[in-house]
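Take a look at the structure below.
Only heavy atoms go into these numbers, but all of them, side chains included; no hydrogens, no water, no symmetry mates.
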Amino acid sequence: MDIEKHYKNAREKYGQMGIDTDKALEKMSSIPLSIHCWQGDDVAGFEKKGSVLSGGGILSTGAYPGRAGNIDQLAQDIEKAFSLVPGPKKLSLHAIYGDFKAKAIDRDSIEPGHFKYWLDWAKQNQYGLDFNPTLFSHSKAESGYTLSSQDQSIRSFWIDHVKRSRKIAAYLGQNLNKPCINNIWIPDGEKDITPSRLVHRELLIDSLDQILDVEYAREFLIDSVESKLFGIGYEYYTVGSNEFYLLYAAKKRIAITFDMGHFHPTELVSDKISATLPFLTDILLHISRGVRWDSDHVPILDQELIDVMLEIKRADAFSRVHMGTDFFDGSINRIGAWVVGGRSVAKAILRAYLEPTEKLIAYEQDGNLFARLALHEGLISMPFGDIWNYYLATHNMPDDIEMIKEIETYQKGVLNQRQQ
């Protein structure tokens, strides 16, 4: 068939540069992608209605029809999206997505049993799970401070919440026999001039120290902390800055999370990979696309995403840098957003494995910088798309154009039938 014919021709061309495309596909097929659940319902979650307040630095825009309104609908939509994204997958849960059965369970009272639904689902479908405590959209987050609050009762509430989140993550990891990453992100900060920055950061250190006091086996739980440049309503300063968390992660020997939208527009996450790997055991990537600011747009195969994966591949660090998506767009088909984003990550990984890194380094060491640049440019016109289409075909998935029809069919048959 044409797909196989095109693949053979592409394999020959890459082979001329010393690239074994079969091995490249085999390697990328072993890298799990953790896809976030909150794209499916615009970060609403399943807490009892009226128990939370909006805000806290999180905002999803748009009102596209068919949003998942309960846990079964969300699982159904995730399964559809996963069926169109090749490779091994994990689902990243936020704490507000437990199976609370319409009961008012506050966040300092969540238990592993509230997530048995997802554990059983993951076992049945052979997926992994990751976890995130939810420190936003709550009355105790209205002040702008959670783990760094000067109000001891508020700080204690959130400490208890994150402690329980770690317990849940360890429970999920142990029952799935694979690491569950528990990623801590807080919105804490101020809108304008803040003379008490150090006070809040010292409080955050104390909170994190209390949270991490209980040790869990690393094969079941990996702790990570996530920085941010600013948040909605917290434009002047955020307590958990990149410098703060980098130093804390190095001190505590935990992971750092790099969200691709959480930095100044001129900062590149791709440059942070090799700068961080010598000092930390693990890095978690939250893959999104910032447009002018941290807008969490759906990832596309842009140069920065490619460069991130190239840096990981060149460092042979895919076992230490964990792939996760983090975006939410309520203005388009939500399942389609998952699929486009997930496929873009997979394409970037494939592009990385199709780079003749050794040849580029040899040119560099020989001082032949012209050849290094020319080869880099020449790779752009290589028949990458033929390799990608073959990879999709081996997973019995439609190509990127045919996939549109499948999503539209799901829209008509499932999403349009939902009562919102």
Side-chain angles (χ1 to χ4, degrees), residues 32-38 43 45-47 71 74-75 78 88-100 105-123 125-136 138 146-147 157-186 207-227 240 245 248-249 252-259 280-286 319-326:
L33 174 61
S34 184
I35 298 179
H36 60 299
C37 74
W38 49 95
V43 209
F46 303 128
E47 293 179 315
I71 198 167
L74 183 61
I78 292 169
K89 287 169 283 289
K90 301 173 78 178
L91 176 67
S92 184
L93 292 166
H94 245 288
I96 57 175
Y97 287 87
D99 186 14
F100 303 119
I105 309 295
D106 213 344
R107 295 184 197 170
D108 63 342
S109 300
I110 57 173
E111 296 283 354
H114 294 130
F115 296 88
K116 188 177 184 300
Y117 177 101
W118 292 112
L119 177 61
D120 293 342
W121 176 86
K123 285 182 176 180
N125 292 283
Q126 297 184 320
Y127 298 138
L129 292 172
D130 288 325
F131 204 77
N132 305 260
T134 308
L135 293 96
F136 53 83
H138 192 281
T146 59
L147 292 179
F157 173 88
W158 291 115
I159 290 172
D160 289 343
H161 171 63
V162 184
K163 282 183 176 180
R164 287 174 176 267
S165 295
R166 292 186 73 231
K167 181 180 179 181
I168 291 166
Y171 158 81
L172 297 174
Q174 185 171 13
N175 279 275
L176 292 173
N177 198 30
K178 60 184 65 176
C180 177
I181 300 176
N182 185 64
N183 179 58
I184 302 171
W185 175 80
I186 63 174
S207 295
L208 292 171
D209 286 348
Q210 291 185 51
I211 288 165
L212 297 174
D213 184 58
V214 177
E215 292 188 13
Y216 294 95
R218 188 188 173 281
E219 59 263 35
F220 303 135
L221 171 66
I222 296 175
D223 292 294
S224 191
V225 286
E226 178 181 1
S227 68
Y245 278 138
Y248 188 84
K252 288 292 189 177
R253 302 184 66 82
I254 61 175
I256 188 75
T257 300
F258 290 140
D259 186 301
L280 298 177
T281 303
D282 296 278
I283 297 172
L284 171 62
L285 286 181
H286 271 191
S319 63
R320 297 171 56 195
V321 182
H322 309 278
M323 304 291 116
T325 57
D326 181 8

[X] versus [Y]: any side-chain heavy-atom pair under 4.5 Å?
X	Y	result
Leu212	Tyr248	yes
Val321	Phe258	no
Glu226	Asp259	yes

Item to complete: Decide if the gap between the ring center of Phe46 and the ring center of His114 is smaller than 6.0 angstrom.
Response: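 No - the distance between ring centres of Phe46 and His114 does not fall below the 6.0 Å cut-off.
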Worksheet entry | Note: Arg166-Asp223 ion pair, threshold 4.0 Å (strictly below) |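 Salt bridge flag = yes for Asp223 with Arg166.
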Nearest 0.5 Å please: distance from the [atom1] atom of [X] over to the [atom2] atom of [Y].
X	Y	atom1	atom2	result
Tyr245	Ile186	OH	CD1	4.0 Å
Asn175	Cys180	CG	SG	11.0 Å
Leu284	Ile254	CG	CD1	11.5 Å

Discussion item. Side chain to side chain contact (heavy atoms under 4.5 Å, CB included), that's the test. Do Ile71 and Phe100 meet it? Break it down for me.
Written reply: CA-CA 10 Å; Ile71 198 167; Phe100 303 119; over 6 Å; no
Taking all non-hydrogen atoms of both residues into account, name the closest pair between [X] and [Y] and its distance.
X	Y	answer
Ile222	Pro179	CD1-CB, 3.9 Å
Asn183	His286	ND2-CE1, 3.4 Å
Met323	Leu285	CE-CD1, 3.9 Å
Leu280	Arg320	O-NH2, 2.6 Å
Ile181	Asp130	N-OD1, 2.9 Å

Item to complete: Check Phe131, Trp185, Phe136 against His94 for a ring-ring contact (aromatic ring centres under 6.0 Å, His included) and give me the one that passes.
Response: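 Among the candidates, only Phe136 passes.
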Practice prompt. Output, in order, the C-alpha distance, side-chain angles, deciding distance and verdict of salt bridge (charged side-chain N to carboxylate O under 4.0 Å, His left out) for Asp120 and Lys116.
Written response: CA-CA 6 Å; Asp120 293 342; Lys116 188 177 184 300; 2.7 Å; yes
Worksheet item: What's the verdict on side chain to side chain contact (heavy atoms under 4.5 Å, CB included) for Ile78 and Lys89, showing C-alpha distance, side-chain angles and the deciding distance?
Response: CA-CA 11 Å; Ile78 292 169; Lys89 287 169 283 289; over 6 Å; no
Item to complete: Starting from the C-alpha separation in whole Å, work towards a yes-or-no answer on side chain to side chain contact (heavy atoms under 4.5 Å, CB included) for Arg107 and Arg164.
Response: CA-CA 9 Å; Arg107 295 184 197 170; Arg164 287 174 176 267; over 6 Å; no
Item to complete: List the steps, then state whether side chain to side chain donor-acceptor pair (under 3.5 Å) holds for His36 with Thr325.
Response: CA-CA 6 Å; His36 60 299; Thr325 57; 2.8 Å; yes
Worksheet entry | CA sep, side-chain torsions, deciding dist, call: Asp326, Trp38, side chain to side chain donor-acceptor pair (under 3.5 Å) | CA-CA 8 Å; Asp326 181 8; Trp38 49 95; 3.0 Å; yes
Discussion item. Run the side chain to side chain contact (heavy atoms under 4.5 Å, CB included) test on Tyr127 and Lys178 for me, step by step, so that the C-alpha distance in whole Å, both residues' side-chain angles and the decisive distance to 0.1 Å come before the verdict.
Written reply: CA-CA 10 Å; Tyr127 298 138; Lys178 60 184 65 176; over 6 Å; no
Worksheet entry | Step-by-step side chain to side chain donor-acceptor pair (under 3.5 Å) determination, Ser92 to Asn132 | CA-CA 7 Å; Ser92 184; Asn132 305 260; 2.9 Å; yes
